[in-house]
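Structure first, then comments.
None of the values given here were measured: they were computed from a predicted structure.
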Amino acid sequence: MVNNTAEHIITKSPATNHGDPVDVAADIKNSGVYEGTRLIPVLTIAGSDCSGGAGVQADLKTMSANGVFAESVITSVVAENTARVISVQNIDVNIIKDQIDAVFEDIPPKAVKIGMLDSPEIMRAVAEKLEQYNPEHVVIDPVMYAKNGAALMDPSCIGTLIDIIIPRAGVLTPNIPEAERISDMEIRSVADQRKAAQVIQKMGCLSVLVKGGHAHGDARDVLFDGEQFHEFTTPRIPTKNTHGTGCTYSSAIASQLALGYRRDQAIARAKRYVTVAIQHALMLGNGNGPTHHFWDLYEHGLDDSAVGKSQVVR
């Protein structure tokens, strides 16, 4: 049996209070998520995955399972499944900007998750609209590769990503290969994850979460917010069915930020959510199957009683 509890370790100075316990039930109540028939809106700006396990489809499922109202802007249509990427068609940048305008002028989101941005033109269009609307929370997953290794970002985009997208992030969520490309360094240990997070955070984002899913041993993610490190650790689950986990994790973080949780709390809760989804991954397809976005919801509803433990290291 896999332990689903995410261990959250915070390294901080005694002068801060980021590790203090909170009243989770009161947070949910005060967030307004159950106010009448309204839900807090959260937007994903990402590519479409027709097989349903990653991209916008995974984002919408994740946001819904986390109790927010999911909205979407599609940047690329990807013909892919669990085994391969067949083709990619980028959406015209004017249509992308129109989609963003349509969302913000009518149902403005409290948080935005950004995924696949496949060209410098798309990056510039999205950056322009982020500047225009200035959403409260921005979580950016710098998608570069599909789970099967196929490229989902033109290598020529890296410079544009660093110059105009990364500085827009409240939380940037690269996996190890992505963090290596952005930081231009090898990552072979947790110490390397920390160093890469520091290098990337200096590029202008508020915080960087270098995920450890591609490492060995426990799944250890390292967050650096410019002042302190946080580590989020769960036992590694032995499965190949992890299609869309990066999309799922970042969307869960955006959802939890929208619900009013502090950054470290939002990540701890999202880590628990994606771990449960991976543990109950679906045996679908011939390649890396999708996670089960709704397992926890089906089992427990939106019950907030099961929360990852938080350990403070001073």
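Rounded to the nearest 0.5 Å, atoms CZ (F224) and CG (L172) are 14.0 Å apart. Rounded to the nearest 0.5 angstrom, N66 CG and L259 CG are separated by 7.5 Å. Separation of atoms CZ (R236) and OG1 (T275) is listed at 10.5 Å; rounding is to 0.5 Å. Distance check, rounded to the nearest 0.5 Å: CD of Q279 to OG1 of T234 gives 10.5 Å. Atom SG of C205 is separated from atom CD1 of I162 by 10.5 Å, given to the nearest 0.5 angstrom. In this structure, E105 CD and D98 CG are separated by 9.5 Å, a value rounded to the nearest 0.5 Å.
Heavy atoms only, all atoms of each residue included: A125 and V93 are closest at CB-CB, 4.2 Å. Shortest non-hydrogen contact noted between A65 and L297 is CA-CD2, 4.1 Å. Considering all non-hydrogen atoms of both residues, I200 and S183 come closest at CG1-CB, 4.0 Å. Heavy atoms only, all atoms of each residue included: G52 and K61 are closest at O-NZ, 2.8 Å. The nearest pair of heavy atoms linking I182 to I166 is CG2-CD1, 3.7 Å. Nearest heavy atom pair, residue P142 against residue I140, reads CD-O, 3.5 Å.
A salt bridge is defined here as a Lys NZ or Arg NE, NH1 or NH2 lying under 4.0 Å from an Asp or Glu carboxylate O, and E178 with R181 fails to meet this definition. Between E180 and R188 a salt bridge is recorded (basic side-chain N to carboxylate O distance below 4.0 Å).
Around CD of E128, the count of heavy atoms belonging to other residues, nucleotides or ligands within 6.0 Å exceeds 12.
Hydrophobic clustering of Ile, Leu, Val, Met, Phe, Trp and Tyr side chains at less than 4.5 Å, counting indirect connections, keeps Y249 apart from L206. No continuous path of ILVMFWY side-chain contacts below 4.5 Å connects L60 to Y273, so the two sit in separate hydrophobic clusters. Note: the hydrophobic cluster containing I278 does not contain L284 (ILVMFWY, side chain heavy atoms under 4.5 Å, direct or indirect links). When hydrophobic clusters are built by joining Ile, Leu, Val, Met, Phe, Trp and Tyr residues whose side-chain heavy atoms come closer than 4.5 Å, directly or via intermediates, V138 is grouped together with I164. Note: the hydrophobic cluster containing I95 also contains I114 (ILVMFWY, side chain heavy atoms under 4.5 Å, direct or indirect links).
Counted by atom type alone, S250 and K113 present one or more donor-acceptor pairs between their side chains at under 3.5 Å. Inspection of the K129 and Q132 side chains reveals an N or O donor paired with an N or O acceptor under 3.5 Å. Checked by atom type, the side-chain pair D225/S207 shows no donor-acceptor distance below 3.5 Å. Side-chain N/O atoms of Q57 and S48 include a donor and acceptor closer than 3.5 Å. Side-chain atoms of T248 and H293 include a donor-acceptor pair closer than 3.5 Å. Residues D59 and S251 have side chains that bring a donor and an acceptor to within less than 3.5 angstrom of each other. Of the N and O atoms on the side chains of S76 and N90, at least one donor lies less than 3.5 Å from an acceptor on the other residue.
Taking 4.5 Å as the limit, some side-chain heavy atom of K271 sits within range of a side-chain heavy atom of D221. Looking at heavy atoms from C-beta onward, V126 lies in side-chain contact with L117 at the 4.5 angstrom threshold. Looking only at side-chain heavy atoms (C-beta outward), E231 and Q193 stay at 4.5 Å or farther from each other. Inter-residue side-chain proximity for E71 and V42 is flagged as unmet; no heavy-atom pair is nearer than 4.5 Å. With contacts defined as side-chain heavy-atom distances shorter than 4.5 Å, the pair H243/T291 does not qualify. Counting only heavy atoms from C-beta outward, the side chains of T160 and D163 never approach each other to under 4.5 Å. Side-chain contact check for M116 versus V88: some heavy-atom pair is nearer than 4.5 Å. For the pair V208 and L223, the minimum side-chain heavy-atom distance is 4.5 Å or more.
N241 contributes no side-chain N or O that, together with a main-chain N or O of P290, makes up a donor-acceptor pair within less than 3.5 Å. The backbone N or O of N94 lies less than 3.5 Å from a partner atom in the side chain of D92, making a donor-acceptor pair. Under the 3.5 Å distance criterion, the side-chain polar atoms of D49 are matched with a main-chain donor or acceptor of A54. When atom types are taken as modelled, the side chain of Q99 and the backbone of I74 share a donor-acceptor pair closer than 3.5 angstrom. No donor-acceptor pair closer than 3.5 Å links the side chain of E136 to the backbone N or O of A111. Panel note: side chain K240, backbone G289; no donor-acceptor pair is recorded below 3.5 Å. The backbone N or O of A46 lies less than 3.5 Å from a partner atom in the side chain of T75, making a donor-acceptor pair. Judged by distance alone, the side chain of Q265 and the main-chain N or O of R262 form a donor-acceptor pair under 3.5 Å. T82 places a side-chain N or O within 3.5 Å of a backbone atom of G287 that can act as its donor or acceptor partner. The closest donor-acceptor contact from the side chain of K110 to the backbone of H137 lies at 3.5 Å or more, if one exists at all.
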Please assess I253 against R263 for the test side-chain contact (heavy atoms from CB on, under 4.5 Å), listing each intermediate value before the final yes or no.
CA-CA 8 Å; I253 293 170; R263 185 188 298 121; over 6 Å; no
Test side-chain contact (heavy atoms from CB on, under 4.5 Å) applied to E186 and D192, step by step
CA-CA 7 Å; E186 287 189 344; D192 290 341; 5.7 Å; no
Go through it in stages, so that I can follow the logic: the residues are L209 and F232, the test is side-chain contact (heavy atoms from CB on, under 4.5 Å), and I'd like the CA-CA distance, side-chain angles, deciding distance and then a yes or no.
CA-CA 10 Å; L209 181 71; F232 306 86; 4.1 Å; yes
Begin from the C-alpha positions of V139 and V112 and carry the test side-chain contact (heavy atoms from CB on, under 4.5 Å) through to its verdict.
CA-CA 6 Å; V139 178; V112 177; over 6 Å; no
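The aromatic rings of W295 and H300 lie perpendicular to each other, with more than 60° between the two planes, well past the 30° mark. Using a 30° and 60° split on the angle between ring planes, H292 and Y298 fall in the perpendicular class, above 60°.
Because its NZ or CZ atom is both nearer than 6.0 Å to the ring centre of F229 and within 45° of the ring axis, R194 counts as a cation-pi partner of that residue.
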